[in-house]
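Below, each value reflects all heavy atoms present in this structure, side chains not excepted, and no hydrogens, waters or symmetry copies. The chain is numbered in sequence order, starting from 1.
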Amino acid sequence: MFQYILFDLDGTLTDPGEGITKSVQFALSRQGIRESDLRRLEPFIGPPLRESFMEFYNMTQEQAAMAVADYRKRFAPVGIYENKIYPGIADMLKHLKAAGIRLAVASSKPEAFVTKILAHFCIDTCFDVIVGSNMDGSRGEKEEVVAEALRRLGACKGRGAMVGDRKFDIQGGKKHGLTTVGVSFGYGGKGELEAAGADYIAKSVADLEKFLLRNRADSGKKAAAPGKKEERSGGGDCQDRLAVYRPGRDKRPNGIGYYAQSTWYIMLPFLVWYLAGNACYILVITLLRLVSQTFFSFAWLYENSLVLANVAKACSMLAGAGALIPLFSKERTGWKPRTRASYPVMGILAVSSALGVNILFAFLKIAAMSAGYYETEQMQYQIAFPAGLVLYGLISPLAEEALFRGLIYNRMKRYFSLVASGIASAALFGVYHGNLVQAMYGMLMGMLLTYAYEMTGRFSIPVMMHGLANICVFTAAYYPAVGEAVNTPLLCVIFLAVSAGCLAVVHRGRCVA
């Protein structure tokens, strides 16, 4: 059985004919070239655009670059959605995943567009790795795209296949020793695929699925195609390590439209959270006021205003988290761990870091830098201790991690590097807390939680760490005697040293590809 399979996008998973040809038509018109027959533009589907403009319309490199820019002006907002998924593709991908095969997309289309198209058809979560070209035109050759996909998969050895509809897909797969599978229902046609030397040609999605799974029971044998032999791509087993999902790696995007679209995509969860949470908060406060005027005195409402504010805050968090469920359910929030560090190590790391940083802040008198911090602190601790444990140890961590790590961070790293995404999402997490002291603490803890999430590949890890950190800090502040007992220079050093030791354990336990 194949251990990993790379798929082309256009003409293989989806039929982008209308969007691509109309966008090419638009680009040509900007160059003074009129082309009314869209069928004549179908050769543009699959190969790199710049080379196609140069080959089919004898453009210079400068003219081709301008044509690509004009093409994207129409394709990005309109043409990308003039697309349809081939019937049976979604089910086939699910069956391949269920068989334990690692899947990747290797397309010459810009990676940002590839990711957006797959998400549009709700099949992005089927793939372990998504690779495309860069916006500046680099990594545009199929051979380069396949090489990058294999690198991210860690597919150094083992049995792999490349599936596509054009000769470029076959040539790129053969260059890296993969079994090459052509699909004649795409745009290349059987003749082009045969001439390129495809090891097998599937005439339908059902035929493709049957071939990719045909040697499931006899993975040690060669699968014979009608009239052709299937070649094996190397020997031995590849280390089964799922690469971190990094569609934005090495990308150099440009253009105001691109940045506007990526910013909207990244910040949409925060907007949904904010609107749903605040609407719920206002509704709860209004209802509490109405109830108090009916059954209680205004004095009771005033005396318990901080408690009621905490109740409203808990409700708003639940409402915000509930509004994120449709987005979160489509997000790929887990991958195979890159460290052997256990839950206890991560739990100790969370507790020691939270207490160590808080004690350090106390000695540095950072709290005096923000008047807003005291107002927030006063509200947070005017709540019964058990209720505080539920709010800050369960509701807040689950809701905030779903937003900042599960959605915002995961979306950021589709466009930017892991480091940039981690820092930016942590900074946003800090600013979200609303005052300077908690912003500084939140950013530090946010980076730690992001690191733990990235290394373990489990969304439950940052949720657990966030909850433990909140419980420890809340307990120390709620009970002055506990706070005084831990607020010593010696314990500060010990906690920070334990944190450093835990990070060393995590680092030493890394899985090396």
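Residues Y343 and S460 bring a donor and an acceptor atom of their side chains to less than 3.5 Å of each other. Side-chain contact check for D15 and Y187: at least one donor-acceptor pair (N or O, by modelled atom type) lies under 3.5 Å.
A donor-acceptor pair under 3.5 Å is absent between the side-chain atoms of E454 and the main chain of Y451, judged by distance alone. Put simply, the side chain of S499 gets close to the backbone of S353: a donor and an acceptor are under 3.5 Å apart. No donor-acceptor pair closer than 3.5 Å links the side chain of S421 to the backbone N or O of L418. Side-chain atoms of D169 come within 3.5 Å of backbone N or O of R166 as a donor-acceptor pair. Checked by atom type and distance alone, the side chain of S184 pairs as donor or acceptor with a backbone atom of A202 at under 3.5 Å. Without hydrogens or angle criteria, S138 side chain to N134 main chain gives no donor-acceptor distance under 3.5 Å. When atom types are taken as modelled, the side chain of R405 and the backbone of F459 share no donor-acceptor pair closer than 3.5 angstrom.
The cationic atom of R411 (NZ for Lys, CZ for Arg) lies less than 6.0 Å from the six-membered ring centre of Y265 and within 45° of the ring axis. Figure legend: cation-pi geometry between R159 and F2, with NZ or CZ positioned under 6.0 Å from the six-membered ring centre and within 45° of its axis.
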Can you check side chain to side chain contact (heavy atoms under 4.5 Å, CB included) on Q31 and M59, steps first, answer last? CA-CA 10 Å; Q31 299 278 342; M59 293 185 182; 4.0 Å; yes
Test K73 against R30 for side chain to side chain contact (heavy atoms under 4.5 Å, CB included), laying out the working first. CA-CA 11 Å; K73 289 179 182 177; R30 297 294 294 268; 4.1 Å; yes
Test R34 against L28 for side chain to side chain contact (heavy atoms under 4.5 Å, CB included), laying out the working first. CA-CA 7 Å; R34 296 190 177 277; L28 292 174; over 6 Å; no
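In summary, the aromatic rings of F53 and F44 are positioned with their centroids under 6.0 Å apart. Ring to ring, Y432 and Y274 are not that close: their centroids are 6.0 angstrom or more apart. In this structure, Y453 has its ring center no closer than 6.0 Å to that of H466. Taking the six-membered ring for Trp, F404 and Y409 have ring centres at least 6.0 Å apart.
Smallest separation of non-hydrogen atoms from G197 and T180: O-OG1, 3.9 Å. Scanning both residues, E401 and L449, for their nearest heavy atoms gives OE2-CD1, 3.4 Å.
The number of heavy atoms from other shown groups lying within 6.0 Å of CD (Q61) does not exceed 12. Annotation for R74: atom CZ counts as buried by contact number, over 12 foreign heavy atoms lying within 6.0 Å. Atom NZ of K175 sits in a sparse spot, with 12 or fewer heavy atoms from other residues, nucleotides or ligands closer than 6.0 Å.
Once rounded to the nearest 0.5 Å, the distance linking CD1 of I101 with CD1 of I5 reads 4.0 Å.
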